[in-house]
Amino acid sequence: MKQFLIFVKKEWLHIWRDRRTLFILLFMPIIQIVLYGFALTTEVKNSKIGIFDQSKDEATMVISNEIAASRYFDLARNLYSYKDIEAAFRKDEMRVAIVFPAKFRYDLLHSNQAQIQLIADASDPNTANTLTNYATSIIKDYQQTINPDQEMPYTIHTQRRMLYNPELKGAYNFVPGVMALVLMLVCAMMTSISIVREKEMGTMEVILVSPLKPFRIIIAKTIPYLLVSMVNIASILLLSVYALEVPITGNLGLLIAESILFTVTSLSVGILISNTAKTQQTAMFTSMMSLFLPTLLFSGFMFPIENMPVPLQVISNLVPAKWYFIIVKDVMIKGLGFASVWKETLVLIAMTSILLVASIYKFKIRLT
């Protein structure tokens with residue numbers, strides 16, 4: 001046991017003396033969670049909008065003010081002709097234009113109907129559709145305020161209820177995915193150079209004469225990274241709650257335990273890459289290319305897996321981040337317990353076991 005602790009201390013000194021590596025381990029996750037958390041979002045906010053008001057009456061002024069006050073829109077300019085609309089779209093000065101016809105309020109009060117034209121830049125169809133829906137919703141809200149008791153025959157009223165995320169914040173979906181992406185990249189990338197570094201530095205002979213078994217050597221190399229990763233987990237959860245405003249509705253202890261399990265899985269991936277690569281550059285490049293894209297594409301937080309072809313859905317089951325994403329979403333967002341995530345937990349445990357066995361086998365081959 002004493003020899004094992006000495007080996008752990010040796011690996012820890014490697015990390016502590018390499019201040020650049022320590023900086024990457026401790027501060028890069030914080031930078032990534034902030035950048036990804038605020039940049040990756042499906043919400044469309046502060047989109048530039050132009051208003052062409054040919055009526056300039058009380059009704060159009062109220063609707064214009066409500067649209068300008070919405071967090072979804074930012075009033076870029078007032079328009080005075082259809083030529084202005086076309087020119088503004090060409091210069092990319094706005095995403096949506098609202099056109100009020102002449103005598104808008106008069107038509108609304110006397111004929112009980114009035115038209116509003118919404119013109120959107122559909123070069124990005126999803127954004128255009130979202131923005132027109134936002135504007136339509138604001139206009140409907142105004143219509144209800146001026147005539148709240150109007151009842152039409154055979155009218156079907158729908159009531160919407162959004163569970164777990166009533167405000168439809170994009171961060172609720174992206175934070176679990178970003179947690180999986182950050183932990184996988186940082187843990188795997190740093191441990192991917194641990195074994196191959198011994199070979200490049202010429203200290204592999206020390207390991208060859210070590211009385212420790214390959215299993216203990218592998219564990220000793222991962223423990224310092226695991227301790228640093230626990231600090232990363234704490235910082236990521238604090239930033240998620242206080243910076244990105246995503247509450248932890250489930251059991252905090254369960255969430256931390258599942259995060260540690262996923263961290264061990266990520267470390268196992270890095271150790272396997274380190275045992276396979278011949279140089280540190282190869283190990284870093286392999287970990288980046290083989291982990292970043294699969295985690296981004298097949299974890300489910302960027303692109304729905306159920307929309308993919310069946311072969312790609314099968315491949316996604318081999319990505320550990322997919323199962324961790326499901327766990328974090330169920331525990332952190334939905335507030336579910338272990339009874340709902342035990343299957344995903346078993347999958348991560350199985351993956352970790354397979355990766356550790358493969359790493360030990362490859363390490364034995366490297367020692368011989």
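Being a predicted model, the structure only gives us computed values, none of them experimental. Excluded from the calculations below are hydrogen atoms, water molecules and symmetry mates; all remaining heavy atoms, backbone and side chain alike, are included.
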> For V341 and T345, which heavy atoms make the closest approach, and how far apart are they?
Replying inline: O-OG1, 2.8 Å
> If you round to the nearest 0.5 Å, how far is CG of L75 from CD1 of I67?
Replying inline: 9.5 Å
> What are the two closest non-hydrogen atoms of I51 and F100, and how far apart are they?
Replying inline: CG2-CE1, 3.8 Å
> Would you say the side chain of L252 lies within less than 4.5 Å of the side chain of L237, judging by non-hydrogen atoms?
Replying inline: yes
>> Could you see if Y106 belongs to whatever hydrophobic cluster contains V99? Use Ile, Leu, Val, Met, Phe, Trp, Tyr and a side-chain cutoff under 4.5 Å.
In response: no
> Under 3.5 Å, side chain of S229 to main-chain N/O of N232, donor-acceptor pair present?
Replying inline: no
> What's the shortest heavy-atom distance between V319 and P294, and which atoms?
Replying inline: CG1-O, 4.0 Å
> Parallel, tilted or perpendicular for Y134 and F73, by the 30°/60° rule?
Replying inline: perpendicular
>> As an exercise, state the distance from CE of M351 to CD1 of I349, rounded to the nearest 0.5 Å.
In response: 12.0 Å
> Heavy atoms, side chains only, cut-off 4.5 Å: are V175 and I236 in contact?
Replying inline: no
> Can you hop from L336 to I333 via hydrophobic side chains spaced under 4.5 Å?
Replying inline: no
>> Let's go through I98 and L118 carefully: what are the C-alpha distance in whole Å and the side-chain angles of both, what is the deciding distance for side-chain contact (heavy atoms from CB on, under 4.5 Å) to 0.1 Å, and is it a yes or a no?
In response: CA-CA 5 Å; I98 298 181; L118 299 177; 3.5 Å; yes
> Going through the checks in order, is the side-chain contact (heavy atoms from CB on, under 4.5 Å) test met by I233 and L183?
Replying inline: CA-CA 8 Å; I233 292 171; L183 289 176; 4.0 Å; yes
> Between T265 (side chain) and L261 (backbone), is there a donor-acceptor pair under 3.5 Å?
Replying inline: yes
>> Distance check, rounded to the nearest 0.5 Å: M332 atom CE versus L254 atom CG?
In response: 13.0 Å
>> In the structure I gave you, are the side-chain heavy atoms of V347 and K343 within less than 4.5 Å of one another anywhere?
In response: no
>> Just so I know, are the side chains of D53 and F104 near enough to count as touching, which here means a heavy-atom distance under 4.5 Å?
In response: no
> Quick one: do M61 and Y80 end up in the same hydrophobic cluster if we chain Ile, Leu, Val, Met, Phe, Trp and Tyr together by side-chain heavy atoms under 4.5 Å apart?
Replying inline: no
> Is there side-chain contact between M308 and F298, with at least one heavy-atom pair below 4.5 Å?
Replying inline: yes
>> Looking at S316 and Q313, would you say the former's side chain and the latter's main chain have a donor-acceptor pair under 3.5 Å?
In response: yes
> Taking atom CG of L255 and atom CD1 of I260, what is their separation to the nearest 0.5 Å?
Replying inline: 10.0 Å
> If you look at every heavy atom in F262 and A180, which pair is closest and at what distance?
Replying inline: CE2-O, 3.5 Å
> What closest approach, in Å, do F52 and I85 show between heavy atoms, and which atom pair accounts for it?
Replying inline: CD2-CD1, 4.1 Å
>> For N129, is there any backbone N or O sitting under 3.5 Å from a side-chain donor or acceptor partner on T132?
In response: yes
> Shortest non-hydrogen contact from T249 to K334?
Replying inline: OG1-C, 3.8 Å
> Between T60 and D57, do the side chains contain an N or O donor and an N or O acceptor separated by less than 3.5 Å?
Replying inline: yes
> Roughly how far, to the nearest 0.5 Å, is the CG atom of N317 from the CH2 atom of W323?
Replying inline: 4.5 Å
>> Before you tell me yes or no, could you show the steps for S299 and M184 under side-chain contact (heavy atoms from CB on, under 4.5 Å), namely the whole-Å CA-CA distance, both residues' side-chain angles and the distance that decides it to 0.1 Å?
In response: CA-CA 11 Å; S299 62; M184 173 60 78; over 6 Å; no
>> Membership question, hydrophobic clusters at under 4.5 Å side-chain separation (ILVMFWY): are L79 and V96 in the same one?
In response: no
>> Would you say that L348 contacts I327 through its side chain, given a criterion of any heavy-atom pair below 4.5 Å between the two side chains?
In response: yes
> Are L272 and S268 side-chain neighbours, meaning at least one heavy-atom pair lies under 4.5 Å?
Replying inline: no
> Does M179 reach the side chain of Y324, with side-chain heavy atoms less than 4.5 Å apart?
Replying inline: yes
>> Nearest 0.5 angstrom please: I63 CD1 to I138 CD1, how far?
In response: 10.0 Å
> Same cluster or not: are L297 and I326 linked, directly or through other Ile, Leu, Val, Met, Phe, Trp or Tyr residues, by side-chain heavy atoms under 4.5 angstrom apart?
Replying inline: yes
